[in-house]
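Everything on this sheet refers to the single structure shown next.
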Amino acid sequence: MRRYFGRKLLIYGLTFFVAVTVNWLIPRFMPGDPVASMVARANVTQPAAAEAMRVYYSNLFGFDQPLITQYLNFWAALFRGDFGISIWLFPSPVSSVIMTAVPYTLALIVPSVLLSWVVGNRFGAYAARRKLLDNTVLPVGYVLTAMPYMWLAVLLAWALGVIAGLFPVAGGYSFSMRPTWSWAFLLDLLHHWTLPFLSLFLVALGGWAIGMRNMIIYELESDYSNYLAALGAPARLIRRYAFRNAVLPQITGLALQLGVIVAGALVTEIVFAYPGLGSLILNAIKNKDFFLLQGAFLFIVLGVLIANFIIDIVYVVVDPRTRAGMAGAQA
């Protein structure tokens, strides 16, 4: 087992290195000059003062150095926990800016991923052996999973926000309120959170339900299910074995779909102007904030890799064949 997880950690380490390097390169391929944008926002009319500001900011952010030097300095600062200074919100540190957005993104992603996976698998399992439920879950599941996140978000905002007036369509909380640890503010947060959560939950729910329904049908028609039925085993026992075997590919699918779900969450945040990482990335792109983009991408990469590693551990725990294979390899 130690060898297995050691190999996994090595793979994740290489993936992290490549992903962070690509994330460092992407902002630098963007058109435009971030320093020129900062000088333009300052509305300096004197050419000498504008040039002095340009030189100062270029030196401050290290843009006057060769790219290879900037890259090495980036890794050195990263190991110190220094993500740089935000160009858009100068002179705020990137770490403090990101930490204001991270709780909103986590509050969307974690419940939507876990609940959609659990509820979708349960509905799919029930639909596989109940014709009435199958005739409703399957068509609805196909419709939901085919919807782009942003399109469903727009529909929910229009139907439940604009037409019905049940939920707000923008922001993380009401502009008339100030963040406090009070029930009134927490309820307002929940009110603004509902529509972004629903758009993520419903799209993912359809895919998990369809996948589990198909896997249960396959397992119930497999040789071991027929053999157990021939021996007179109770139908409940056969369904239990079928569910345990069918859930394993769903765990693998969760790891594969995690990046797609995170990307969908970022787009959904932009639709609802939700103050998470999605809105932060959009503003960073608009203002050519290299360091804020790097920091946001770094957090996303770390989050996805850590979640995948946890899923790998869960897979080893729930699948005895994996543990048997690891024991055989060590022997």
Side-chain angles (χ1 to χ4, degrees), residues 8-102 105 258-260 262-263 265-267 269-270 276-309:
K8 285 288 185 180
L9 286 174
L10 177 61
I11 294 174
Y12 282 125
L14 292 175
T15 304
F16 174 76
F17 173 77
V18 174
V20 172
T21 299
V22 172
N23 289 337
W24 181 85
L25 289 172
I26 287 175
R28 285 158 179 80
F29 287 123
M30 293 170 54
D33 184 357
V35 173
S37 299
M38 292 185 68
V39 175
R41 287 198 300 267
N43 293 323
V44 178
T45 57
Q46 297 181 356
E51 178 62 21
M53 289 182 62
R54 189 193 65 78
V55 172
Y56 170 76
Y57 286 130
S58 297
N59 179 265
L60 177 66
F61 295 120
F63 294 145
D64 56 342
Q65 300 178 359
L67 277 179
I68 184 62
T69 304
Q70 295 183 41
Y71 177 71
L72 295 176
N73 290 338
F74 162 74
W75 277 106
L78 185 62
F79 285 125
R80 297 194 305 268
D82 181 11
F83 300 107
I85 300 174
S86 172
I87 296 174
W88 168 45
L89 298 174
F90 183 85
S92 300
V94 167
S95 56
S96 63
V97 175
I98 291 178
M99 291 312 297
T100 60
V102 164
T105 298
L258 199 56
V260 177
V262 171
L266 300 182
V267 175
E269 289 178 1
I270 295 174
L277 287 176
S279 300
L280 201 65
I281 290 174
L282 178 63
N283 286 318
I285 293 174
K286 288 180 178 178
N287 294 276
K288 304 176 181 63
D289 193 337
F290 290 2
F291 302 102
L292 190 54
L293 276 176
Q294 292 170 186
F297 288 151
L298 177 63
F299 178 84
I300 293 171
V301 168
L302 274 175
V304 172
L305 290 178
I306 291 173
N308 274 272
F309 185 69

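Here the structure is a predicted model, which means the values were calculated and not measured.
- From Phe63, atom CZ reaches atom CZ of Arg54 across 12.0 Å, with rounding to the nearest 0.5 Å.
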Could you walk me through whether Leu266 and Leu277 satisfy the side chain to side chain contact (heavy atoms under 4.5 Å, CB included) test, starting with their C-alpha distance in whole Å, then the side-chain angles of each, then the deciding distance to 0.1 Å, before giving a yes or no?
CA-CA 7 Å; Leu266 300 182; Leu277 287 176; 3.9 Å; yes

Please step through ring pair (Phe, Tyr, Trp, His ring centres under 6.0 Å) for the pair Phe61 and Phe290, ending with a clear verdict.
CA-CA 10 Å; Phe61 295 120; Phe290 290 2; 9.4 Å; no

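- Within the structure, side-chain hydrogen bond (donor to acceptor under 3.5 Å, both in side chains) pairs that include any residue of residues 13-27 comprise Thr21-Tyr71 (at least two apart or interchain).
- The shortest distance between side-chain heavy atoms of Trp88 and Ile285 does not fall below 4.5 Å.
- Using a distance-only test at 3.5 Å, with no hydrogens or angles considered, no donor-acceptor pair links the side chain of Gln294 to the main chain of Phe83.
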Between Ile306 and Tyr12, is the side chain to side chain contact (heavy atoms under 4.5 Å, CB included) condition met? List the steps.
CA-CA 9 Å; Ile306 291 173; Tyr12 282 125; over 6 Å; no

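- Of all non-hydrogen atoms in Gly276 and Glu269, the two that sit nearest each other are C-OE1, 3.1 Å.
- In this structure, Phe297 and Val22 have side chains that are not in contact, with every pair of non-hydrogen atoms separated by 4.5 Å or more.
- Of all heavy-atom pairs between Val94 and Gly295, the closest is CG1-CA, 4.2 Å.
- For the pair Phe90 and Phe291, the minimum side-chain heavy-atom distance is 4.5 Å or more.
- Summarising the geometry, atom CG belonging to Leu14 is positioned 11.0 Å from atom CG belonging to Leu9; distances are rounded to the nearest 0.5 Å.
- Nearest heavy-atom pair, Ile270 versus Gly278, reported as atom, atom and distance to 0.1 Å: CG1-O, 3.7 Å.
- A 4.5 Å side-chain heavy-atom check between Leu78 and Leu298 finds at least one atom pair inside the cut-off.
- Checked by atom type and distance alone, the side chain of Asn308 pairs as donor or acceptor with a backbone atom of Val304 at under 3.5 Å.
- In this structure, Ala101 and Leu280 approach most closely via the heavy-atom pair CB-CD2, 4.0 Å.
- When all heavy atoms of Arg28 and Gln70 are compared, the pair lying nearest together is NE-OE1, 3.7 Å.
- For the residue pair Ser58/Asp64, the side-chain donor-acceptor check at 3.5 Å is not satisfied.
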Verdict with reasoning, Ile281 to Ile300, per side chain to side chain contact (heavy atoms under 4.5 Å, CB included):
CA-CA 11 Å; Ile281 290 174; Ile300 293 171; 3.9 Å; yes

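- For the pair Leu292 and Val97, the minimum side-chain heavy-atom distance is below 4.5 Å.
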With side chain to side chain contact (heavy atoms under 4.5 Å, CB included) as the criterion, how do Ile87 and Asn287 come out once you've worked through the C-alpha distance, each side chain's angles and the decisive distance to 0.1 Å?
CA-CA 8 Å; Ile87 296 174; Asn287 294 276; over 6 Å; no

